[in-house]
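FYI, side chains are in, hydrogens and waters are out, and symmetry mates aren't considered; it's all heavy atoms of this structure.
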Amino acid sequence: MLLNHLDIQFRYPLEGFPTELTLTARVTWNTIQHCYLLSDIRLPGSAGSPVIPAIQLRRQCDKWVHPDSNRASVLTESAGAAIEAAEAGKLAHLNDSCPQLGFYLDKAMETAKADFGNIQLFNPSYRSLTIVTQRGFKPDFLSHFNVVTAADQSACGLALRTGEPCVIPDVSQSHSYAPHRHIAEKAGYRSVISTPVVAGNRFIGMLSTHSSQPHWQWNLREQQEIASDLGLCLEGRLP
């Protein structure tokens with residue numbers, strides 16, 4: 001979830017109506033259950049009661065499912081597609097308005113001779129991180145790390161919890177990284193460093209670079225310098 005909440009519109013064939021309805025909904029992220037919450041589902045412009053009670057859904061592999069059953073439905077697939085489109089639109093706007101994101105990520109990867117990388121922004125409302133730009137990753141990775149909190153055992157989750165850079169030289173040998181090993185293997189990386197992006201007293205996000213090979217010689221100082229420059233660049237551009 002990128003920044004606070006999303007407002008979406010989606011098509012849904014409601015029982016008793018001859019054609020599909022266009023519905024609107026407010027989307028927020030449930031940090032405890034790690035799923036999206038759709039609330040205030042109603043007809044556009046309607047001031048009446050919601051048409052459908054609030055529901056939860058999450059992205060699982062290539063489907064949008066109900067968390068309680070892990071089954072997809074017309075509602076989850078339609079609403080999920082609208083969520084993807086809304087988040088993609090926010091990301092595109094952010095990257096267009098702040099092209100320096102890509103510049104600093106490329107610089108960090110080049111400096112570290114990394115094969116992959118991403119920048120996450122911190123959402124203070126949910127105390128979570130969301131990827132806003134990346135290099136080299138495919139949908140499975142991006143879906144898996146769509147929202148990361150300080151409770152997560154990934155490098156960025158650990159760095160968020162401590163406020164200090166986190167280096168994992170070999171994810172296949174890291175006990176704490178076990179829940180993410182299958183994603184790392186599929187994505188093709190073995191090592192990662194996550195560096196907090198801070199400006200003054202404000203925590204802004206996370207800069208992470210990944211290597212396809214075990215990497216024991218990350219240059220922490222260089223990554224911190226780039227993260228510091230990125231923080232200064234972003235400080236005045238974010239709400």
With no hydrogens and no angle check, is any side-chain donor or acceptor of [X] less than 3.5 Å from a backbone partner on [Y]?
| X | Y | result |
| --- | --- | --- |
| Ser228 | Gln224 | no |
| Asp115 | Ser212 | yes |
| Thr76 | Trp64 | yes |
| Ser143 | Pro139 | no |
| Gln100 | Phe103 | no |

Distance check, rounded to the nearest 0.5 Å: [X] atom [atom1] versus [Y] atom [atom2]?
| X | Y | atom1 | atom2 | result |
| --- | --- | --- | --- | --- |
| Glu225 | Thr111 | CD | OG1 | 9.5 Å |
| Met109 | Gln134 | CE | CD | 9.0 Å |
| Arg42 | Arg26 | CZ | CZ | 11.0 Å |
| Ile119 | Thr130 | CD1 | OG1 | 13.5 Å |
| Gln56 | Cys35 | CD | SG | 3.5 Å |
| Thr149 | Arg161 | OG1 | CZ | 8.5 Å |

For Ile8 and Thr24, run side-chain contact (heavy atoms from CB on, under 4.5 Å): C-alpha distance rounded to whole Å, both residues' side-chain angles, the deciding distance at 0.1 Å, then the answer.
CA-CA 6 Å; Ile8 63 170; Thr24 65; over 6 Å; no
Salt bridge or not for Arg59 and Glu84, using N-O below 4.0 Å?
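Yes, this pair counts.
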Salt bridge present between Lys186 and Asp140 (N-O < 4.0 angstrom)
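So Lys186 pairs with Asp140 through a salt bridge.
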Say whether [X] and [Y] are linked into one hydrophobic cluster, either directly or through other cluster members, by side-chain heavy-atom distances under 4.5 angstrom.
| X | Y | value |
| --- | --- | --- |
| Val65 | Tyr12 | no |
| Val197 | Val167 | no |
| Leu158 | Leu121 | no |
| Phe116 | Leu129 | yes |
| Ile41 | Tyr36 | yes |

Do the non-hydrogen side-chain atoms of [X] and [Y] ever get within less than 4.5 Å of each other?
| X | Y | answer |
| --- | --- | --- |
| Arg181 | Glu185 | no |
| Pro67 | Arg58 | yes |
| His210 | Ser191 | no |
| Ile193 | Leu220 | yes |
| Ser128 | Phe122 | no |
| Ile55 | Leu38 | yes |
| Leu43 | Leu23 | yes |
| Ser194 | Pro165 | no |

Minimum-distance pair of heavy atoms, taken over all atoms of [X] and [Y]:
| X | Y | result |
| --- | --- | --- |
| Ser176 | Gln153 | O-CB, 3.1 Å |
| Ala108 | Gln223 | O-NE2, 3.2 Å |
| Ala82 | Gln9 | CB-O, 3.4 Å |
| Pro13 | Val74 | CD-CG1, 3.5 Å |
| Thr195 | Ala227 | CG2-CB, 3.8 Å |
| Leu57 | Gly80 | CD1-N, 3.9 Å |

Taking it one step at a time, do Tyr104 and Leu234 satisfy side-chain contact (heavy atoms from CB on, under 4.5 Å)?
CA-CA 11 Å; Tyr104 285 109; Leu234 291 175; over 6 Å; no
Candidate pair Leu105 and Leu207, rule side-chain contact (heavy atoms from CB on, under 4.5 Å), full reasoning:
CA-CA 7 Å; Leu105 179 55; Leu207 171 66; 4.0 Å; yes
Qualifying residue for side-chain contact (heavy atoms from CB on, under 4.5 Å) with Ser154, from Val192, Val148, Ile183, Val171:
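Only one of Val192, Val148, Ile183, Val171 forms a side-chain contact (heavy atoms from CB on, under 4.5 Å) with Ser154, namely Val148.
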Report the C-alpha separation of Asp152 and His180 in whole Å, then their side-chain angles, then the decisive distance to 0.1 Å, and conclude whether the side chain to side chain donor-acceptor pair (under 3.5 Å) test is met.
CA-CA 10 Å; Asp152 194 273; His180 310 296; 3.0 Å; yes
Check this for me: Glu20, atom CD, are more than 12 non-hydrogen atoms of other residues, nucleotides or ligands nearer than 6.0 Å?
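Result for CD/Glu20: enclosed.
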Aromatic ring pairing Phe145/Tyr177, orientation class (parallel under 30°, perpendicular over 60°, tilted between):
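Geometry flag for Tyr177 against Phe145: tilted rings.
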Test side chain to side chain donor-acceptor pair (under 3.5 Å) on Ser73 and His66 and set out the steps.
CA-CA 8 Å; Ser73 68; His66 296 277; 2.9 Å; yes
Can the ring centroids of Phe141 and His144 be said to lie less than 6.0 angstrom from one another?
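Centroid separation for Phe141 and His144: 6.0 Å or greater.
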Which is it for Thr22 and Phe10 under the side-chain contact (heavy atoms from CB on, under 4.5 Å) test, yes or no, and what are the steps along the way?
CA-CA 6 Å; Thr22 297; Phe10 62 98; over 6 Å; no
Using the rule given for side chain to side chain donor-acceptor pair (under 3.5 Å), can you reason through Arg11 versus Ser78, listing the C-alpha separation, both sets of side-chain angles and the distance that settles it, and then say yes or no?
CA-CA 6 Å; Arg11 306 282 296 177; Ser78 181; over 6 Å; no
